[in-house]
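Written out below as C-alpha cells is the structure these notes cover.
Hydrogens, waters and symmetry mates are skipped; everything else that's a heavy atom, side chains included, is used. So you know, we letter chains A, B, ... as the sequences are listed, proteins then strands, and number each from 1.
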Number of protein chains: 2
Amino acid sequence: MVTIKDIAKRAGVSRGTVDRVLNNRPGVNPETEARVRALIEEMGYRPNMAGQMLAVKKRRLHLAFLIFHGPEFVFHLDILHAARDKAAELREFGVTVDFFLIRQLDTPYLEQIFHDVEESHPDGIAALPLRTTSFMSFIQRMHAKGVPTVFFNLDEDFAPHLAYVGCDYVHSGRVAAGLTALCTGSQGQVGIAAADGPNSPSFAGRMGGFSQELTATYPSLTMVDGGMPALFRDGDFTEVVNMVEHNPDMKALYIVNMGDYGVCQEIHRAARGRNLSVITHDLAPAQQELLKNGLISATIVQQPDIQGSMPLQMLYDYLAFGTVPKPKLFTDLHIYIRQSV
Amino acid sequence: MVTIKDIAKRAGVSRGTVDRVLNNRPGVNPETEARVRALIEEMGYRPNMAGQMLAVKKRRLHLAFLIFHGPEFVFHLDILHAARDKAAELREFGVTVDFFLIRQLDTPYLEQIFHDVEESHPDGIAALPLRTTSFMSFIQRMHAKGVPTVFFNLDEDFAPHLAYVGCDYVHSGRVAAGLTALCTGSQGQVGIAAADGPNSPSFAGRMGGFSQELTATYPSLTMVDGGMPALFRDGDFTEVVNMVEHNPDMKALYIVNMGDYGVCQEIHRAARGRNLSVITHDLAPAQQELLKNGLISATIVQQPDIQGSMPLQMLYDYLAFGTVPKPKLFTDLHIYIRQSV
DNA sequence: TTGTAAGCGTTATCAC
DNA sequence: GTGATAACGCTTACAA
C-alpha cells in the first residue's frame, strides 16, 4: 500500500508538500508539483480512509439537516429517525448535526429558520427542497459561500445541489403498473385513488409512469374514469367508495399516495367480498398492519432509511475525503407483500 | 468524545493499562482494573473506529474465502464477485484475502484444499459449508486453534461458527406462496417444479414454507400432484411440460430452484397462450431477460452481494474491533418484477 | 504490575 | 516554497 510518506521519499520532498499537491493547495513549485503528481499516478497512490478520518476530526465538521415535521408527515418521520441514527454514528468522527424541523409553511417562519441555519455556519446542508423563493435564495446564498447541499425525497432542480437522494417517482409508478398487472392477470379495470392530488410533487411522476407503462405494456388493462383519481382526505372517503361501488369490474385499486390509512377499511367494505387488489406506496407501521390483514395486497417502498442517512454520509464523504457523489442516488423500489414483513 | 487518554488521566494510570483492561489482557491489578472499568462505564467510553483501523493495519490480517466454482454455480458466482470487491476494499486496511475455489466434491481433492487453507494460517475463514465429514473436521480443527469462521448461503449447524449470512429458506418459500396468491387471486391450482429435487438443502426449506403458508393462509389455493415437484435438468423438461399440459386449471408455477433457464421457454410453449404465472428465485442475468420477456412473472432475490461481502466484513469487524456479529444475518427477500430491473 | 514510545496515514500549523 | 512536527485514537513491544 502506497502512502504519502512513500511518495515524499521517492520525490525527495516532505509529506507536507505532497499533501499540498494532493489537496490542490497553493504554494508549490510547478516543477515539484509535476514530479509529485507523476509519482502519485505511477505508484498508484490511494488515500487511506482511516488516516483521513482521524485527521479530519480536528476540523469539527458541522452539518445542518432540514426536514418537515408534524403528524401529517409520517413518511418524513422515518427519514428523520434514520438521519438521527446517522448523526449519532458520525459523532465519533467529530461531526455534529443540527436538526431544523419545519412545522409550518408561511414565509416569515421559513425565513427565520433559514436565517438560523445560516447563522449556525454549517459546513454542509442536507435538506428536503421546498418550492418557495425563500428556500431557493437561501440555498443559493449558501452555495455562494461554498457550502454544499444535498437534497432528499424530492427531486427539484431549481437550486444548485451536490446530489439528490430519493425515489424515482416515474419508475415507481411503472413498478406499480407492473404490480397491478400481476394482480389482475394483465386485464380488466384499475382505479386510481390519492390523498394529495395532482398538485403534489410525487403524484405527477407516479401517475405518469403508471399510465405510460399501462398503455405501453398492458393494453388490456384500463383505468377507471380515464385515470381521474378519486380523492380522499380527513376521513372523507366518499369519492373512493363511490368508485369501488360503481365499478364492479374494477379488479385493482392503485393508491398513489396515502394520507389517512382508514381509507383501506372503507375500500374493503365497499368491495363487499369481491376480489379487489389494493396497491400502495411506502410501509408506515399502519400499512404493515393493513398488509397483514390483507387490506393492502402489495406496497412499494422507497427506503426512508437511505433517504435519511445517505445525505449526511455523502456530505461527510465529500468534506472529509473529497468524494464527489453521483448526482442522483435513486432508492430501490422494493415490493412488499404480507409475507415480507 | 471520550478517549483512552481521558480515561487514563482520570484513573491516574497510563494508556497501556487502560488498553489492557479494555482488551481483557492479563497483568492488571484487580483494584486498578475495577477503577478503570468504572470510569469506562461512567464516562461512556466508545472505541474510535478510525484509530483502531489504523492500529490493526500492523497486524496484517489474513482471511480465507471458500466457495464453489464452476459453470453450474451461477448464483455462487455473484457471491464471489461481491467477495472479491470486498477483499479489494479491505486491502486498504491491511487485510489480505485468499480465495479457495472448490471445483469438485471428491474427498481427496477437498482434503487437499482444506489442508492448503490450514497451511495459509488465516486469521479468519468465510466458507460455504459442505455436508462432508472432511469439512466438518476441518472447521473443528480451525475452531480449536481459535480461528473464527463465518458460514454463508447454507445454514448448517453441524460445525462451530461465528455467524451465518444468507437466506432464510423457509421464509423465502412463504413469500413465494404469498406471491402466488397475488398472481392467482388466492385460488386455483399451483404447480411445483425444481431442478434440484428434495435432496437439495434449499429445496426442503422453501417447500416447507410454501406449503405451510398455502394451507394456513390460502386454503383455496392447492398444489398440483399434492406438491410433488416436476423435476427437470440438462435440457430434459418433459415432466414440467407434462404438468403444464395435463393441468389446464393450473394458474401458476413455482420453480423452487433453477438449473437450466431454458425451462421457461418450454413452459411458455406448453401453456399455449393461457395465463400462467411463473414464480422463481434469484436474479441471474438470464433471469433478468426472462423477466423482461414476461416468461417469469416475479422472482424473489436473496442478495448474493450481501452473502459475499458480509462474511468478510464480519470477520474484519470481529478481529479488528472485537464486534461479535449476530449469529444469523438473513438477507432481505425482495420481490422483483419486469419493471424492477 | 505498570509506563513509555513508536507507529498506523493524514492534515494543520508553524518555522524557515 | 518547503520542511518539520504535532496532533487525531489506538495497539503493541519493550522497558522499568
key: Length of the line joining Met1(A):CE and dG9(C):C1', which is rounded to integer Å   = 7 Å

key: Integer-rounded Å distance: dA12(C) P and Asn23(A) CG   = 7 Å

ask   = Can you tell which of dC8(D), dG9(D), dT11(D) lies closest to the side chain of Thr3(B)?
value = dG9(D)

inquiry  = I want to check one thing: is the phosphate of dG3(D), taken as OP1 and OP2, less than 4.0 Å away from some side-chain N or O of Thr17(A)?
reply    = yes

ask   = dG3(C) phosphate, OP1 or OP2: any side-chain N/O from Ser14(B) under 4.0 angstrom?
value = yes

message = Please determine whether a side-chain nitrogen or oxygen atom of Thr32(B) lies at a distance below 4.0 Å from atom OP1 or OP2 of dT1(C).
response = no

inquiry  = At less than 4.0 Å, is any side-chain N or O atom of Arg25(A) found next to OP1 or OP2 of dA12(C)? Yes or no.
reply    = yes

ask   = For the pair made of CZ in Arg15(A) and C1' in dT2(D), what is the distance, rounded to whole Å?
value = 14 Å

message = For Lys57(B), is there an ion pair with Glu92(B) - N to carboxylate O distance below 4.0 angstrom?
response = no

ask   = 5'-most contact on DNA chain D: Gly16(B) or Leu54(B), nearest heavy atom basis?
value = Leu54(B)

ask   = Which residue lies toward the 5' end of DNA chain C, Ala55(B) or Asn29(B), if each is placed at its nearest nucleotide?
value = Asn29(B)

inquiry  = As a test of reading the structure: which of dC10(D), dT2(C), dT12(D) is closest to the side chain of Asp19(B), going by heavy atoms?
reply    = dT12(D)

query = Is the charged tip of Arg84(B) near the ring of Phe99(B): under 6.0 Å from the six-membered ring centre and within 45° of its axis?
reply = yes

ask   = Ignoring hydrogens and geometry, is there a side-chain-to-backbone donor-acceptor pair from Asn23(B) to Arg25(B) under 3.5 Å?
value = no

key: Integer-rounded Å distance: dT4(C) P and Lys9(B) NZ   = 14 Å

request  = Give Arg59(B) one of three labels, base, sugar-phosphate or nothing, depending on what nucleic acid heavy atoms sit under 4.0 Å from its own.
outcome  = sugar-phosphate

key: Under 3.5 Å donor-acceptor, Tyr109(A) side chain and Ile102(A) backbone   = no

ask   = Is any side-chain N or O of Lys57(B) closer than 4.0 Å to OP1 or OP2 of dC10(D)?
value = no

ask   = Within this structure, what is the CG-to-C1' distance between Leu22(B) and dT11(D), rounded to whole angstrom?
value = 11 Å

ask   = Choosing from dA4(D), dC10(D), dC8(D), which nucleotide comes nearest the side chain of Asn48(B)?
value = dC10(D)

request  = Can you tell me the distance, in whole Å, between the CD1 atom of Ile40(B) and the C1' atom of dG9(D)?
outcome  = 14 Å

inquiry  = From CZ of Phe321(B) over to P of dG9(D), roughly how many Å is that when rounded to an integer?
reply    = 15 Å

ask   = Taking NZ, NE, NH1 and NH2 as the nitrogens, is one of them in Arg10(A) or Glu42(A) under 4.0 Å from a carboxylate oxygen of the other?
value = yes

request  = With heavy atoms under 4.0 Å as the rule, sort Val56(A) into base, sugar-phosphate or nothing.
outcome  = nothing

query = What is the nucleic acid contact for Tyr45(B), judged by heavy atoms within less than 4.0 Å: base, sugar-phosphate only, or nothing?
reply = sugar-phosphate

inquiry  = On the side chain of Arg46(A), is there an atom forming a donor-acceptor pair with the base of dG9(C) - under 3.5 Å, no angle test?
reply    = no

note = Asn24(B) atom CG is separated from dT11(D) atom P, nearest whole Å, by 12 Å

request  = Respond yes when some side-chain nitrogen or oxygen of Lys58(A) is under 4.0 Å from OP1 or OP2 of dT10(C), and no when none is.
outcome  = no

request  = Indicate yes or no: does Glu33(B) engage Arg37(B) in a salt bridge with an N to O separation below 4.0 Å.
outcome  = yes

